[in-house]
Amino acid sequence: MVVGEKYRSKNREQIIVEQPYHIQYRHSFGEVSKFFKGLHEKKLYGTICRGKEHHMSGEDNLFVPPRADCPECMVPLEEWIELQNEDIRVYTFTTMYFSGENFLDKLPLTLINVEFPRYNNNYSKLISILITNEKDEINIDKKDLKIGMKIKPKFKEMPLEKIDASALYFVPAGIL
Amino acid sequence: MSVDIGMKKDVVKDHKKIYQSVRKDVVNNGREVAVVAAGMTQFGKARTDSTQEELVMDATRMALFENDLNYDPYDIKKMIDGTVISYFSDHFEKQLLFGAIIRDYLGLNPLQSVRAEGGGATGGLGVKTGYEMVKSGDADFVLVAGFEKMSEVSTTKGNEFIALASDTDFDFQVGGFYTAYYAAMATRYIHEFGITEKQLAKVAVKNRNNAQYNYFAQTNSKNPYSTKSTSGFINIDDVYKSNMIATPLKRLDCCLMSDGAAVVLLAEKNLARKLTKDPVIISGIGGGTDTMRPGDRPTTKGGLIKENLLLPHEKPEWYENMSYPGLHSFRAGRAATKMAYRMAGIKNPLHDIDVVELHDAFTSSELQTYEDLGLAKYGDGGKFIDTAEFDEEKGVFKEINPKMGDHTYVNPSGGLIGCMHAVGATGIMQVGNIFWQLQKKMEKFNDNDKLQVKNAKKGLAHSHAGTGSDVTVIVMSKDGE
Ligand SMILES: [Zn+2]
């Protein structure tokens, strides 16, 4: 007998029940709330730290997603910069054909990490959604989807009290 | 000498040149730690036949009763003086403080106990925590039990729960799904290093087919808890044809969601030698971390050298002009490896290590981990899988558990793709497998010797959390090697 056989219970009776459980969270975006207010106002914000002497890169650190404090300088960051008109590129991508429960109705869906070539990109490769065909919002992987592709941000209408990061998405820079 | 404060100050002052990512010295208080027993359940997609605590009991019984220990198992149990309970999620079974239920169920109150948790690396962190208890002298004999039961919610809800381990303000809100995060990393990894679809698929073929000889594996079609559609042998075409989940990762590139438990017993070395004739020494152990959002990882030219992450056999000129780590690298894996190798005195992993159980969350992460463990140069993970002999016609490896490099065997258990990923149990299952490998007991537990690595003297278990936020590396050696 295989050793493990000894440890399987012979008791095969089992009762299985359904147990629902619902939660609602009251969540604060704290000191980076401005980022989410920005999405509501069709603006893409990041925070920036100019304490170059403490940065491994020796350059300014751009934070997208924003941080309220620089992990290298340990100082609070007060400077916000607008990025919606910056040069923004696809750093990497994937097209999802399966997902967690919360995204099943949006499949297939392309996720990207973005790159801001003007900055050192150590803290700024934001993950977001890329829509390649805005008209019908059907979003499949296209042959022209590639690393380095120029893109621009777009903003979905969302009430401020329900806003989340999916209010932001990107489209190829060629599409209006 | 424990910590050289003077050295740390110099490093901080000089931080632009070099970062001290890794502990310099091994604390030597004369205590060493050994594994003396292991046990695990058969893994399944849904072990509805048992509750979680019943599964942990099964694994514990196996550890105490089936590891050829020198004393009566009841006497051995009385020697345990601490427990570590490792489980990842409070959501899957909507039970906080599950550790208390487990300790109670095993009859191990009122011993000191702690929960270890760190995403996918939970099991590895559990063993590391147990190691620390014994090494420090807080305990002499520790039971480390890990488990997860992921089947009580739907697969899509399960994906969502796991994704709660990503940043819920940003990453989760736009994708909510780990396969997608790893897939985006894989896209960039392929772009940087020219990895092929075939190299990825080979990992799936190797691990899934190994699992067919692992008694405990979820995809082993002989396992009564296996699911027909996700068990049995596969060839490379099966991988190519499996459903796309998130480009470039297909269904068979992905790890399993599982129910089950695993246990190891750790003892101080002198005690261990009394408990068993064949203790396995933890000769090196290390941990590492990285940003939770992979997009926040730096892209520094020569970063691998600047961050002091060269492994002992590597040369600075290999990586001087490469940007590191970037979104597609597991800096935590290198940090953990470097720490463990320093302690174990590993000078050349390809030569020194015979058998590896590593965290193949996805086929891409197995290739990346070859690099982090120094089995291949950074960027050459794809070439390492190509060192195993492959039958092009049949689309499978010529051997089950194929040799890679000169004498390295990776994931004989089938890993997370073939055996299981019941998160809190995974790292412990890996340590248990390496322990049995070094004790030459694979045949005893599997009822066949296909997975036994002959003459294995040193093994390694690598545990990793989502997109590489936490990694542990544990080097294990036969006593006296
Ligand atoms: Zn700074």
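Predicted model, so just to flag it, every value in this text is computed and none were measured. Letters A, B, ... mirror the listed sequences (proteins, then strands); counts begin at 1.
- Comparing A/L168, A/L104, A/N102, A/V114 by heavy-atom pairs within less than 4.5 Å of chain B, the highest count is held by A/N102.
- Salt bridge B/D290/B/R297: present, at least one basic N to carboxylate O contact under 4.0 Å.
- Taking CE from A/M96 and CZ from A/F98, the interatomic distance works out to 10.0 Å, rounded to the nearest 0.5 Å.
- Considering only residues two or more places apart in sequence or on other chains, B/D259 meets the side chain to side chain donor-acceptor pair (under 3.5 Å) condition with B/S151.
- The pair B/K250-B/E197 meets the salt-bridge criterion, since a charged nitrogen lies less than 4.0 angstrom from a carboxylate oxygen.
- Each of B/H328, B/M244, B/M57, B/R293 has some count of heavy-atom pairs under 4.5 Å with chain A, and the biggest count is that of B/R293.
- In this structure, chain B has no heavy atom under 4.5 Å from any part of A/E13.
- Every residue two or more places apart in sequence or in another chain that forms a side chain to side chain donor-acceptor pair (under 3.5 Å) with A/N120 is listed here: A/S57, A/N61.
- Remark: A/N122 CG to B/T299 OG1 distance equals 4.5 Å, nearest 0.5 Å.
- Per-residue heavy-atom pair counts under 4.5 Å with chain B were compared for A/P71, A/G100, A/S124, and the maximum is reached by A/G100.
- In this structure, no portion of B/T168 lies under 4.5 Å from any heavy atom of chain A.
- The candidate from B/T187, B/T41, B/D447 with the greatest count of non-hydrogen atom pairs under 4.5 Å with chain A is B/T187.
- Among residues 157-166 of chain B, the residues having any heavy atom closer than 4.5 Å to a heavy atom of chain A are, in sequence order, B/K157, B/N159, B/E160.
- Residue contact with chain A, scored on non-hydrogen atoms closer than 4.5 Å, is absent for B/T179.
- Classification of A/E157 and A/K42 as a salt-bridged pair holds, one side-chain N sitting under 4.0 Å from a carboxylate O.
- For A/F93, the parts lying under 4.5 angstrom from a heavy atom of chain B are both the backbone and the side chain.
- For the ring pair (Phe, Tyr, Trp, His ring centres under 6.0 Å) criterion with B/Y182, the lone passing option out of B/F362, B/F177, B/Y189 is B/F362.
- Applying the ring pair (Phe, Tyr, Trp, His ring centres under 6.0 Å) rule to A/F63 yields the partners A/Y123; only residues at least two apart in sequence or on another chain are considered.
- In this structure, B/F170 has its ring center closer than 6.0 angstrom to the ring center of A/F36.
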